[in-house]
Protein chains: 2
Amino acid sequence: MRILVVEDEPRIAADIREGLERAGYVAEIVGDGEAAWFRAETETYDAMVLDLGLPRLDGLGVLRRLRGADVALPVLILTARDGWRERVEGIDAGADDYLVKPFRMEELVARLRAILRRTAGHASPVLRAGAVELDTRTRAVSVAGRETDLTALEYRLLAFLLHRQGQVVAAGELLDHLHGSDSDREANALEALLTRLRRKLGPGIIETRRGHGYLVPADSAGDP
Amino acid sequence: MRILVVEDEPRIAADIREGLERAGYVAEIVGDGEAAWFRAETETYDAMVLDLGLPRLDGLGVLRRLRGADVALPVLILTARDGWRERVEGIDAGADDYLVKPFRMEELVARLRAILRRTAGHASPVLRAGAVELDTRTRAVSVAGRETDLTALEYRLLAFLLHRQGQVVAAGELLDHLHGSDSDREANALEALLTRLRRKLGPGIIETRRGHGYLVPADSAGDP
DNA sequence: CGCCGCCTGACACGAGGCTGACAGGCGGCG
DNA sequence: CGCCGCCTGTCAGCCTCGTGTCAGGCGGCG
(Lines give C-alpha, C1' and ligand atoms only; values in the text may rest on other atoms or scores of the structure.)
Protein backbone atom coordinates (compact mmCIF):
# COMPACT_ATOMS: atom_id res chain seq x y z
CA MET A 1 0.00 0.00 0.00
CA ARG A 2 1.52 3.25 -1.13
CA ILE A 3 0.45 6.45 0.55
CA LEU A 4 1.28 9.89 -0.74
CA VAL A 5 1.74 12.32 2.13
CA VAL A 6 1.53 16.02 1.34
CA GLU A 7 2.93 17.93 4.26
CA ASP A 8 5.30 20.87 4.31
CA GLU A 9 6.29 20.75 7.96
CA PRO A 10 9.28 18.39 8.05
CA ARG A 11 8.80 17.20 11.62
CA ILE A 12 5.15 16.35 11.14
CA ALA A 13 5.93 14.72 7.80
CA ALA A 14 8.58 12.55 9.44
CA ASP A 15 6.16 11.56 12.19
CA ILE A 16 3.52 10.58 9.70
CA ARG A 17 5.95 8.57 7.63
CA GLU A 18 7.12 6.74 10.69
CA GLY A 19 3.62 6.02 11.84
CA LEU A 20 2.48 4.84 8.44
CA GLU A 21 5.46 2.61 7.90
CA ARG A 22 5.04 1.12 11.32
CA ALA A 23 1.48 0.33 10.27
CA GLY A 24 2.80 -1.39 7.19
CA TYR A 25 2.28 1.22 4.51
CA VAL A 26 4.82 2.67 2.15
CA ALA A 27 4.84 6.43 2.60
CA GLU A 28 6.13 8.99 0.16
CA ILE A 29 6.42 12.59 1.24
CA VAL A 30 6.07 15.71 -0.86
CA GLY A 31 6.20 19.21 0.52
CA ASP A 32 3.97 21.29 -1.67
CA GLY A 33 0.79 21.08 -3.67
CA GLU A 34 2.40 21.37 -7.05
CA ALA A 35 4.56 18.32 -6.43
CA ALA A 36 1.59 16.50 -4.96
CA TRP A 37 -0.47 17.03 -8.07
CA PHE A 38 2.35 15.90 -10.27
CA ARG A 39 3.05 12.76 -8.28
CA ALA A 40 -0.59 11.84 -7.94
CA GLU A 41 -1.02 12.10 -11.66
CA THR A 42 2.06 10.25 -12.74
CA GLU A 43 2.29 7.55 -10.12
CA THR A 44 -0.12 5.15 -8.56
CA TYR A 45 -1.00 5.49 -4.92
CA ASP A 46 -3.56 3.84 -2.75
CA ALA A 47 -4.40 6.95 -0.80
CA MET A 48 -3.31 10.49 -0.11
CA VAL A 49 -2.86 12.30 3.18
CA LEU A 50 -3.21 15.97 2.39
CA ASP A 51 -2.43 18.89 4.64
CA LEU A 52 -4.66 21.77 3.65
CA GLY A 53 -2.39 24.36 5.20
CA LEU A 54 0.21 24.27 2.47
CA PRO A 55 2.32 27.34 1.82
CA ARG A 56 2.36 27.80 -1.90
CA LEU A 57 -0.30 25.91 -3.75
CA ASP A 58 -3.41 25.47 -1.68
CA GLY A 59 -4.23 21.90 -0.72
CA LEU A 60 -7.83 22.45 -1.64
CA GLY A 61 -6.71 23.35 -5.14
CA VAL A 62 -4.92 20.04 -5.43
CA LEU A 63 -7.98 18.20 -4.25
CA ARG A 64 -10.29 20.01 -6.67
CA ARG A 65 -7.95 19.36 -9.55
CA LEU A 66 -7.75 15.70 -8.67
CA ARG A 67 -11.48 15.34 -8.51
CA GLY A 68 -11.87 17.38 -11.65
CA ALA A 69 -9.57 14.97 -13.41
CA ASP A 70 -11.64 12.04 -12.16
CA VAL A 71 -8.84 10.61 -10.13
CA ALA A 72 -10.41 8.12 -7.77
CA LEU A 73 -7.82 8.43 -5.04
CA PRO A 74 -8.95 8.21 -1.43
CA VAL A 75 -7.94 11.46 0.25
CA LEU A 76 -7.65 12.15 3.95
CA ILE A 77 -7.21 15.83 4.72
CA LEU A 78 -5.46 17.38 7.70
CA THR A 79 -6.73 20.70 8.99
CA ALA A 80 -5.94 23.14 11.77
CA ARG A 81 -8.08 23.00 14.89
CA ASP A 82 -9.92 26.19 14.06
CA GLY A 83 -10.14 25.44 10.36
CA TRP A 84 -13.75 24.33 10.31
CA ARG A 85 -14.29 26.29 7.11
CA GLU A 86 -11.48 24.38 5.45
CA ARG A 87 -12.96 21.12 6.63
CA VAL A 88 -16.33 21.82 5.11
CA GLU A 89 -14.78 22.95 1.86
CA GLY A 90 -12.51 19.94 1.87
CA ILE A 91 -15.34 17.50 2.22
CA ASP A 92 -17.23 19.39 -0.44
CA ALA A 93 -14.24 19.17 -2.73
CA GLY A 94 -14.24 15.41 -2.45
CA ALA A 95 -12.12 14.47 0.53
CA ASP A 96 -13.01 11.10 1.98
CA ASP A 97 -12.36 12.03 5.58
CA TYR A 98 -10.59 14.63 7.67
CA LEU A 99 -8.43 14.82 10.73
CA VAL A 100 -7.80 17.80 13.00
CA LYS A 101 -4.25 18.70 13.97
CA PRO A 102 -2.79 17.79 16.31
CA PHE A 103 -3.79 14.17 16.14
CA ARG A 104 -2.63 10.78 17.39
CA MET A 105 -1.00 8.53 14.86
CA GLU A 106 -3.29 5.67 15.77
CA GLU A 107 -6.21 7.74 14.69
CA LEU A 108 -4.61 8.63 11.39
CA VAL A 109 -3.93 4.98 10.63
CA ALA A 110 -7.41 3.94 11.68
CA ARG A 111 -9.07 6.50 9.46
CA LEU A 112 -6.81 5.63 6.58
CA ARG A 113 -7.77 1.99 6.93
CA ALA A 114 -11.40 2.96 6.96
CA ILE A 115 -11.31 4.96 3.77
CA LEU A 116 -9.12 2.38 2.07
CA ARG A 117 -11.64 -0.29 2.92
CA ARG A 118 -14.65 1.49 1.53
CA THR A 119 -13.14 3.01 -1.57
CA ALA A 120 -12.84 2.52 -5.26
CA GLY A 121 -14.89 -0.62 -5.60
CA HIS A 122 -12.07 -2.57 -4.04
CA ALA A 123 -14.83 -3.65 -1.74
CA SER A 124 -12.90 -6.43 -0.14
CA PRO A 125 -9.66 -5.65 1.61
CA VAL A 126 -8.46 -9.19 1.05
CA LEU A 127 -6.79 -10.16 -2.17
CA ARG A 128 -6.90 -13.72 -3.43
CA ALA A 129 -5.04 -15.84 -5.91
CA GLY A 130 -5.54 -19.55 -5.89
CA ALA A 131 -4.93 -20.81 -2.40
CA VAL A 132 -3.28 -17.56 -1.34
CA GLU A 133 -5.12 -14.91 0.65
CA LEU A 134 -3.71 -11.55 1.65
CA ASP A 135 -5.56 -9.33 4.10
CA THR A 136 -4.42 -5.76 3.60
CA ARG A 137 -5.80 -4.65 6.97
CA THR A 138 -4.05 -7.16 9.13
CA ARG A 139 -1.19 -7.84 6.70
CA ALA A 140 -1.88 -11.49 7.20
CA VAL A 141 -1.15 -13.94 4.43
CA SER A 142 -2.43 -17.46 4.31
CA VAL A 143 -1.80 -20.32 1.95
CA ALA A 144 -4.57 -22.89 1.77
CA GLY A 145 -5.85 -21.59 5.10
CA ARG A 146 -2.47 -21.81 6.80
CA GLU A 147 -1.10 -18.58 8.19
CA THR A 148 2.20 -17.81 6.57
CA ASP A 149 4.86 -15.36 7.68
CA LEU A 150 6.18 -13.04 5.03
CA THR A 151 8.97 -10.55 5.43
CA ALA A 152 8.32 -6.89 4.73
CA LEU A 153 9.73 -7.05 1.23
CA GLU A 154 8.00 -10.28 0.38
CA TYR A 155 4.72 -8.78 1.49
CA ARG A 156 5.18 -5.66 -0.58
CA LEU A 157 6.03 -7.66 -3.63
CA LEU A 158 3.10 -9.98 -3.27
CA ALA A 159 0.68 -7.18 -2.52
CA PHE A 160 1.84 -5.26 -5.54
CA LEU A 161 1.49 -8.20 -7.87
CA LEU A 162 -1.92 -9.03 -6.46
CA HIS A 163 -2.95 -5.46 -6.93
CA ARG A 164 -2.08 -5.83 -10.59
CA GLN A 165 -3.48 -9.30 -10.91
CA GLY A 166 -3.60 -10.51 -14.47
CA GLN A 167 -1.11 -7.99 -15.71
CA VAL A 168 2.49 -8.65 -16.52
CA VAL A 169 4.70 -6.34 -14.49
CA ALA A 170 8.22 -5.65 -15.70
CA ALA A 171 11.10 -6.39 -13.36
CA GLY A 172 12.19 -2.77 -13.48
CA GLU A 173 8.82 -1.61 -12.29
CA LEU A 174 8.85 -4.07 -9.42
CA LEU A 175 12.26 -2.90 -8.29
CA ASP A 176 11.06 0.64 -8.61
CA HIS A 177 8.19 -0.13 -6.32
CA LEU A 178 10.20 -2.05 -3.74
CA HIS A 179 12.86 0.62 -3.43
CA GLY A 180 13.46 3.79 -5.28
CA SER A 181 16.43 2.84 -7.35
CA ASP A 182 17.01 0.53 -10.26
CA SER A 183 20.23 -1.10 -11.30
CA ASP A 184 21.63 -4.15 -13.02
CA ARG A 185 23.06 -5.64 -9.88
CA GLU A 186 19.77 -5.35 -8.12
CA ALA A 187 18.03 -7.41 -10.75
CA ASN A 188 19.29 -10.53 -9.09
CA ALA A 189 18.07 -9.34 -5.72
CA LEU A 190 14.57 -9.39 -7.12
CA GLU A 191 15.07 -12.90 -8.39
CA ALA A 192 16.33 -14.04 -5.02
CA LEU A 193 13.36 -12.42 -3.34
CA LEU A 194 11.03 -14.12 -5.77
CA THR A 195 12.57 -17.49 -5.10
CA ARG A 196 12.05 -17.09 -1.37
CA LEU A 197 8.53 -15.81 -1.79
CA ARG A 198 7.55 -18.59 -4.17
CA ARG A 199 8.85 -21.16 -1.74
CA LYS A 200 6.39 -19.85 0.83
CA LEU A 201 3.44 -19.53 -1.52
CA GLY A 202 3.76 -22.72 -3.46
CA PRO A 203 3.69 -23.13 -7.21
CA GLY A 204 1.31 -21.45 -9.64
CA ILE A 205 0.94 -18.15 -7.84
CA ILE A 206 3.66 -16.04 -9.39
CA GLU A 207 4.47 -16.83 -12.97
CA THR A 208 7.37 -15.68 -15.08
CA ARG A 209 7.00 -14.38 -18.59
CA ARG A 210 10.51 -14.59 -19.90
CA GLY A 211 11.58 -11.26 -21.32
CA HIS A 212 8.33 -9.60 -20.24
CA GLY A 213 8.13 -9.69 -16.48
CA TYR A 214 6.10 -11.39 -13.76
CA LEU A 215 2.43 -11.80 -12.98
CA VAL A 216 -0.06 -13.57 -10.81
CA PRO A 217 -2.69 -14.99 -13.15
CA ALA A 218 -6.15 -13.46 -13.06
CA ASP A 219 -8.00 -16.75 -13.05
CA SER A 220 -8.02 -18.99 -10.02
CA ALA A 221 -4.43 -19.99 -10.38
CA GLY A 222 -3.04 -22.82 -8.39
CA ASP A 223 -6.18 -24.83 -7.81
CA PRO A 224 -7.33 -26.30 -11.11
CA MET B 1 -8.03 20.77 -35.91
CA ARG B 2 -6.24 21.53 -32.65
CA ILE B 3 -2.83 20.03 -32.03
CA LEU B 4 -1.10 20.08 -28.67
CA VAL B 5 2.65 20.33 -29.09
CA VAL B 6 4.83 19.34 -26.15
CA GLU B 7 8.33 20.59 -26.81
CA ASP B 8 10.72 22.33 -24.49
CA GLU B 9 13.15 23.64 -27.07
CA PRO B 10 11.70 27.04 -28.05
CA ARG B 11 13.15 27.14 -31.54
CA ILE B 12 11.92 23.70 -32.49
CA ALA B 13 8.57 24.46 -30.92
CA ALA B 14 8.29 27.61 -33.00
CA ASP B 15 9.17 25.73 -36.15
CA ILE B 16 6.56 23.10 -35.46
CA ARG B 17 3.92 25.70 -34.74
CA GLU B 18 4.67 27.50 -37.96
CA GLY B 19 4.63 24.30 -39.98
CA LEU B 20 1.40 23.10 -38.47
CA GLU B 21 -0.34 26.42 -38.93
CA ARG B 22 0.78 26.60 -42.51
CA ALA B 23 -0.81 23.20 -42.98
CA GLY B 24 -4.04 24.53 -41.56
CA TYR B 25 -3.87 23.26 -38.00
CA VAL B 26 -4.17 25.20 -34.79
CA ALA B 27 -1.11 24.52 -32.65
CA GLU B 28 -0.73 25.05 -28.93
CA ILE B 29 2.66 24.75 -27.33
CA VAL B 30 3.51 23.62 -23.83
CA GLY B 31 7.03 23.20 -22.56
CA ASP B 32 6.87 20.43 -20.00
CA GLY B 33 5.12 17.20 -19.30
CA GLU B 34 3.12 18.34 -16.36
CA ALA B 35 1.54 21.13 -18.34
CA ALA B 36 0.93 18.71 -21.19
CA TRP B 37 -0.93 16.30 -18.98
CA PHE B 38 -3.02 19.05 -17.49
CA ARG B 39 -3.97 20.52 -20.85
CA ALA B 40 -4.71 17.17 -22.38
CA GLU B 41 -7.02 16.37 -19.50
CA THR B 42 -8.83 19.65 -19.33
CA GLU B 43 -9.03 20.65 -22.98
CA THR B 44 -9.95 18.87 -26.16
CA TYR B 45 -7.34 18.29 -28.84
CA ASP B 46 -7.32 16.29 -32.03
CA ALA B 47 -3.77 15.09 -31.64
CA MET B 48 -0.61 15.55 -29.63
CA VAL B 49 2.97 15.93 -30.77
CA LEU B 50 5.12 14.82 -27.87
CA ASP B 51 8.87 15.20 -27.50
CA LEU B 52 10.16 12.35 -25.37
CA GLY B 53 13.31 14.23 -24.47
CA LEU B 54 11.69 16.57 -22.02
CA PRO B 55 13.90 17.95 -19.29
CA ARG B 56 11.95 17.53 -16.12
CA LEU B 57 8.98 15.25 -16.57
CA ASP B 58 9.59 12.36 -18.89
CA GLY B 59 7.41 12.34 -21.97
CA LEU B 60 6.84 8.62 -21.63
CA GLY B 61 5.25 9.25 -18.28
CA VAL B 62 2.78 11.60 -19.86
CA LEU B 63 1.96 9.07 -22.53
CA ARG B 64 1.48 6.21 -20.08
CA ARG B 65 -0.68 8.37 -17.91
CA LEU B 66 -2.83 9.38 -20.85
CA ARG B 67 -3.33 5.82 -21.99
CA GLY B 68 -3.93 4.71 -18.45
CA ALA B 69 -6.66 7.32 -18.17
CA ASP B 70 -8.23 6.08 -21.41
CA VAL B 71 -7.65 9.35 -23.21
CA ALA B 72 -8.32 8.70 -26.87
CA LEU B 73 -5.82 11.17 -28.21
CA PRO B 74 -3.63 10.31 -31.19
CA VAL B 75 -0.03 10.85 -30.13
CA LEU B 76 2.99 11.35 -32.37
CA ILE B 77 6.25 11.14 -30.46
CA LEU B 78 9.54 12.80 -31.33
CA THR B 79 12.73 10.99 -30.40
CA ALA B 80 16.45 11.48 -30.79
CA ARG B 81 18.17 9.67 -33.63
CA ASP B 82 19.79 7.11 -31.41
CA GLY B 83 16.81 6.69 -29.15
CA TRP B 84 15.57 3.44 -30.52
CA ARG B 85 14.90 2.21 -27.01
CA GLU B 86 12.71 5.23 -26.40
CA ARG B 87 10.88 4.51 -29.60
CA VAL B 88 10.14 0.96 -28.64
CA GLU B 89 8.93 2.01 -25.22
CA GLY B 90 6.92 4.81 -26.76
CA ILE B 91 5.13 2.51 -29.13
CA ASP B 92 4.62 0.05 -26.31
CA ALA B 93 3.17 2.83 -24.21
CA GLY B 94 0.60 3.60 -26.85
CA ALA B 95 2.07 6.16 -29.21
CA ASP B 96 0.47 6.06 -32.64
CA ASP B 97 3.60 6.90 -34.55
CA TYR B 98 7.02 8.37 -34.08
CA LEU B 99 9.39 10.72 -35.83
CA VAL B 100 13.14 10.90 -35.45
CA LYS B 101 14.78 14.26 -34.88
CA PRO B 102 15.81 16.10 -36.90
CA PHE B 103 12.93 15.82 -39.32
CA ARG B 104 11.40 17.74 -42.18
CA MET B 105 8.18 19.57 -41.46
CA GLU B 106 6.50 17.96 -44.45
CA GLU B 107 7.04 14.60 -42.89
CA LEU B 108 5.64 15.69 -39.54
CA VAL B 109 2.51 16.99 -41.23
CA ALA B 110 2.18 13.86 -43.34
CA ARG B 111 2.42 11.54 -40.36
CA LEU B 112 0.03 13.67 -38.39
CA ARG B 113 -2.48 13.44 -41.22
CA ALA B 114 -2.03 9.70 -41.30
CA ILE B 115 -2.74 9.15 -37.65
CA LEU B 116 -5.63 11.61 -37.75
CA ARG B 117 -7.11 9.69 -40.65
CA ARG B 118 -7.23 6.42 -38.79
CA THR B 119 -9.33 8.09 -36.17
CA ALA B 120 -9.71 7.60 -32.48
CA GLY B 121 -6.02 7.05 -31.86
CA HIS B 122 -5.75 4.16 -29.52
CA ALA B 123 -8.46 4.86 -27.06
CA SER B 124 -8.56 1.27 -26.09
CA PRO B 125 -5.35 -0.36 -24.99
CA VAL B 126 -6.21 -3.42 -27.06
CA LEU B 127 -5.21 -3.63 -30.68
CA ARG B 128 -7.05 -5.89 -33.08
CA ALA B 129 -6.43 -7.47 -36.44
CA GLY B 130 -8.70 -10.22 -37.61
CA ALA B 131 -8.79 -12.88 -34.98
CA VAL B 132 -5.78 -11.46 -33.18
CA GLU B 133 -6.08 -9.28 -30.11
CA LEU B 134 -3.20 -7.61 -28.28
CA ASP B 135 -3.78 -5.98 -24.92
CA THR B 136 -1.00 -3.50 -24.28
CA ARG B 137 -1.88 -3.27 -20.62
CA THR B 138 -1.61 -6.93 -19.78
CA ARG B 139 0.72 -7.82 -22.64
CA ALA B 140 -1.66 -10.62 -23.44
CA VAL B 141 -2.16 -11.78 -27.01
CA SER B 142 -5.01 -13.99 -28.10
CA VAL B 143 -5.86 -15.64 -31.39
CA ALA B 144 -9.53 -16.41 -31.93
CA GLY B 145 -10.02 -16.10 -28.19
CA ARG B 146 -7.17 -18.44 -27.36
CA GLU B 147 -4.41 -17.04 -25.20
CA THR B 148 -1.12 -17.26 -27.03
CA ASP B 149 2.36 -16.92 -25.63
CA LEU B 150 4.65 -14.59 -27.50
CA THR B 151 8.29 -14.03 -26.79
CA ALA B 152 9.50 -10.53 -26.02
CA LEU B 153 10.69 -9.92 -29.55
CA GLU B 154 7.62 -11.39 -31.14
CA TYR B 155 5.48 -9.17 -28.98
CA ARG B 156 7.40 -6.06 -29.90
CA LEU B 157 7.19 -6.86 -33.55
CA LEU B 158 3.49 -7.53 -33.49
CA ALA B 159 2.72 -4.48 -31.38
CA PHE B 160 4.67 -2.29 -33.73
CA LEU B 161 2.96 -3.59 -36.83
CA LEU B 162 -0.43 -3.25 -35.18
CA HIS B 163 0.29 0.32 -34.26
CA ARG B 164 1.06 0.97 -37.89
CA GLN B 165 -1.90 -1.04 -39.11
CA GLY B 166 -2.54 -0.55 -42.80
CA GLN B 167 0.92 0.81 -43.49
CA VAL B 168 3.76 -1.03 -45.12
CA VAL B 169 6.79 -1.00 -42.85
CA ALA B 170 10.23 -1.60 -44.33
CA ALA B 171 12.32 -4.43 -42.98
CA GLY B 172 15.09 -2.02 -42.05
CA GLU B 173 12.72 -0.02 -39.92
CA LEU B 174 11.48 -3.11 -38.15
CA LEU B 175 15.01 -4.19 -37.37
CA ASP B 176 15.76 -0.73 -36.16
CA HIS B 177 12.96 -1.05 -33.66
CA LEU B 178 13.76 -4.51 -32.49
CA HIS B 179 17.41 -3.71 -31.89
CA GLY B 180 19.56 -0.70 -32.40
CA SER B 181 21.68 -1.65 -35.32
CA ASP B 182 20.87 -2.67 -38.84
CA SER B 183 22.87 -5.07 -40.93
CA ASP B 184 22.58 -7.45 -43.85
CA ARG B 185 23.06 -10.56 -41.80
CA GLU B 186 20.30 -9.61 -39.47
CA ALA B 187 17.80 -9.41 -42.29
CA ASN B 188 17.34 -13.12 -42.09
CA ALA B 189 16.86 -12.95 -38.36
CA LEU B 190 13.80 -10.83 -39.00
CA GLU B 191 12.49 -13.35 -41.47
CA ALA B 192 12.99 -16.15 -39.02
CA LEU B 193 11.23 -14.16 -36.35
CA LEU B 194 8.36 -13.46 -38.74
CA THR B 195 8.03 -17.11 -39.55
CA ARG B 196 7.75 -18.02 -35.89
CA LEU B 197 5.31 -15.23 -35.20
CA ARG B 198 3.11 -16.08 -38.16
CA ARG B 199 2.97 -19.68 -37.06
CA LYS B 200 1.48 -18.53 -33.77
CA LEU B 201 -0.93 -16.02 -35.26
CA GLY B 202 -2.22 -17.96 -38.21
CA PRO B 203 -2.44 -16.79 -41.81
CA GLY B 204 -3.67 -13.41 -43.04
CA ILE B 205 -2.39 -11.30 -40.17
CA ILE B 206 1.03 -10.23 -41.38
CA GLU B 207 1.37 -9.81 -45.12
CA THR B 208 4.49 -9.37 -47.19
CA ARG B 209 4.89 -6.71 -49.85
CA ARG B 210 7.70 -8.03 -51.89
CA GLY B 211 10.48 -5.47 -52.11
CA HIS B 212 8.68 -3.00 -49.82
CA GLY B 213 8.18 -4.48 -46.42
CA TYR B 214 5.47 -5.94 -44.22
CA LEU B 215 2.08 -4.87 -42.97
CA VAL B 216 -0.99 -6.03 -41.15
CA PRO B 217 -3.97 -5.03 -43.29
CA ALA B 218 -6.25 -2.32 -42.00
CA ASP B 219 -9.52 -4.10 -42.78
CA SER B 220 -10.69 -7.09 -40.82
CA ALA B 221 -8.09 -9.41 -42.23
CA GLY B 222 -8.05 -13.01 -41.33
CA ASP B 223 -11.68 -13.75 -40.60
CA PRO B 224 -13.73 -13.40 -43.80
C1' DC C 1 15.08 -20.84 -67.56
C1' DG C 2 17.67 -18.53 -63.98
C1' DC C 3 18.11 -15.02 -60.65
C1' DC C 4 16.42 -12.92 -56.56
C1' DG C 5 13.61 -12.14 -52.69
C1' DC C 6 11.48 -14.46 -49.15
C1' DC C 7 10.27 -18.58 -46.25
C1' DT C 8 11.43 -22.32 -43.11
C1' DG C 9 13.39 -26.27 -40.56
C1' DA C 10 17.45 -27.40 -37.87
C1' DC C 11 20.89 -26.26 -34.76
C1' DA C 12 23.95 -24.01 -31.56
C1' DC C 13 25.07 -20.29 -28.61
C1' DG C 14 24.29 -17.03 -25.14
C1' DA C 15 21.29 -14.30 -22.42
C1' DG C 16 17.77 -14.55 -18.92
C1' DG C 17 16.18 -16.56 -15.03
C1' DC C 18 16.53 -19.80 -10.84
C1' DT C 19 18.63 -21.30 -6.68
C1' DG C 20 21.78 -22.55 -2.90
C1' DA C 21 25.33 -20.46 -0.20
C1' DC C 22 27.40 -16.71 2.05
C1' DA C 23 28.01 -12.15 4.26
C1' DG C 24 26.80 -7.66 6.01
C1' DG C 25 23.39 -5.16 8.60
C1' DC C 26 19.98 -4.20 11.79
C1' DG C 27 17.29 -4.90 15.70
C1' DG C 28 16.17 -7.66 19.87
C1' DC C 29 17.22 -9.69 23.98
C1' DG C 30 19.92 -11.00 27.67
C1' DC D 1 27.23 -3.63 25.78
C1' DG D 2 27.67 -7.74 23.14
C1' DC D 3 25.74 -11.81 21.30
C1' DC D 4 22.41 -13.78 18.23
C1' DG D 5 18.74 -14.00 15.27
C1' DC D 6 16.53 -12.78 10.82
C1' DC D 7 16.34 -10.15 6.63
C1' DT D 8 18.21 -9.10 2.35
C1' DG D 9 21.77 -8.20 -1.21
C1' DT D 10 25.56 -10.49 -3.77
C1' DC D 11 27.88 -14.20 -6.07
C1' DA D 12 28.50 -18.31 -8.77
C1' DG D 13 26.80 -22.20 -11.10
C1' DC D 14 23.24 -24.36 -13.65
C1' DC D 15 19.46 -24.90 -16.78
C1' DT D 16 16.14 -23.45 -19.96
C1' DC D 17 14.58 -21.14 -23.87
C1' DG D 18 14.78 -17.35 -27.00
C1' DT D 19 17.12 -15.90 -30.92
C1' DG D 20 20.66 -15.63 -34.70
C1' DT D 21 22.75 -18.31 -38.21
C1' DC D 22 23.02 -21.56 -41.87
C1' DA D 23 21.44 -24.20 -45.65
C1' DG D 24 18.17 -25.25 -48.58
C1' DG D 25 13.44 -24.73 -50.82
C1' DC D 26 9.64 -22.23 -53.03
C1' DG D 27 7.77 -18.90 -56.14
C1' DG D 28 7.61 -14.70 -58.90
C1' DC D 29 9.49 -11.81 -62.39
C1' DG D 30 12.52 -10.78 -66.09
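Note: hydrogens, waters and symmetry copies are ignored here, and every other heavy atom, side chains too, is used. Residue numbers begin at 1 in each chain, while the letters A, B, ... track the order of the sequences. Note that the structure is a prediction, hence the values are computed from the model and not measured.
Distances shown here put a side-chain N or O of Thr151(A) below 4.0 Å from the OP1 or OP2 atom of dT8(D).
Rounded to an integer number of Å, the gap from Leu150(B) CG to dT19(D) C1' is 15 Å. Following rounding to the nearest Å, Arg156(B) (CZ) and dG18(D) (P) show an atom-to-atom distance of 15 Å. Nucleotide dT10(D) holds its P atom 6 Å from the CD atom of Glu186(A), rounded to whole Å. The nearest whole Å value for the distance from the CG atom in Leu153(B) to the P atom in dC17(D) is 17 Å. Taking atom CG on Leu193(B) and atom P on dC17(D), their separation rounds to 19 Å, with Å as the unit. Nucleotide dT16(D) holds its P atom 18 Å from the CD atom of Glu207(A), rounded to whole Å. We find that CG of Leu174(A) is positioned 12 Å from P of dG17(C), with the value rounded to whole Å. Regarding Tyr155(B), its OH atom lies at a distance of 14 Å from the P atom of dT19(D), rounded to whole Å.
Between Arg198(A) and Thr208(A) the shortest side-chain heavy-atom distance falls below 4.5 Å. With a 4.5 Å cut-off on side-chain heavy atoms, Leu153(B) and Leu193(B) count as touching.
Of all heavy-atom pairs between Gly204(A) and Pro217(A), the closest is O-CD, 4.1 Å. Between Ala27(A) and Leu20(A), the shortest heavy-atom distance links the atoms CB-CD1, 4.0 Å.
Evaluation of atom-type donor-acceptor distances gives no pair under 3.5 Å for the side chain of Arg196(A) against the base of dG20(C).
Not counting sequence neighbours, the partners of Glu107(B) by the salt bridge (Lys or Arg N to Asp or Glu O under 4.0 Å) test are Arg111(B).
One finds no salt bridge joining Arg196(A) and Glu154(A) here, because no Lys/Arg side-chain nitrogen approaches an Asp/Glu carboxylate oxygen to under 4.0 Å.
Relative to the six-membered ring of Tyr25(A), Arg2(A) misses at least one condition, a distance below 6.0 Å or an angle of at most 45° to the axis.
For the residue pair Arg156(A) / Thr151(A), no side-chain donor-acceptor distance below 3.5 Å is found, with atom types taken as modelled.
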Check your understanding: Once each nucleotide of nucleotides 3-8 of chain C is scored for protein heavy atoms under 4.0 Å, what B/S/- sequence comes out, 5' to 3'?
Key -> -BBSBB
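Of the possible donor and acceptor atoms, one in the side chain of Thr148(B) sits under 3.5 Å from a partner among the backbone N and O of Arg146(B).
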Revision key, fill the gap. Taking Watson-Crick and G-U wobble contacts under 3.5 angstrom, with | marking pairs to another strand and [ ] crossing pairs, the secondary structure of DNA chain C is written ||||||||||||||||||||||||||||||
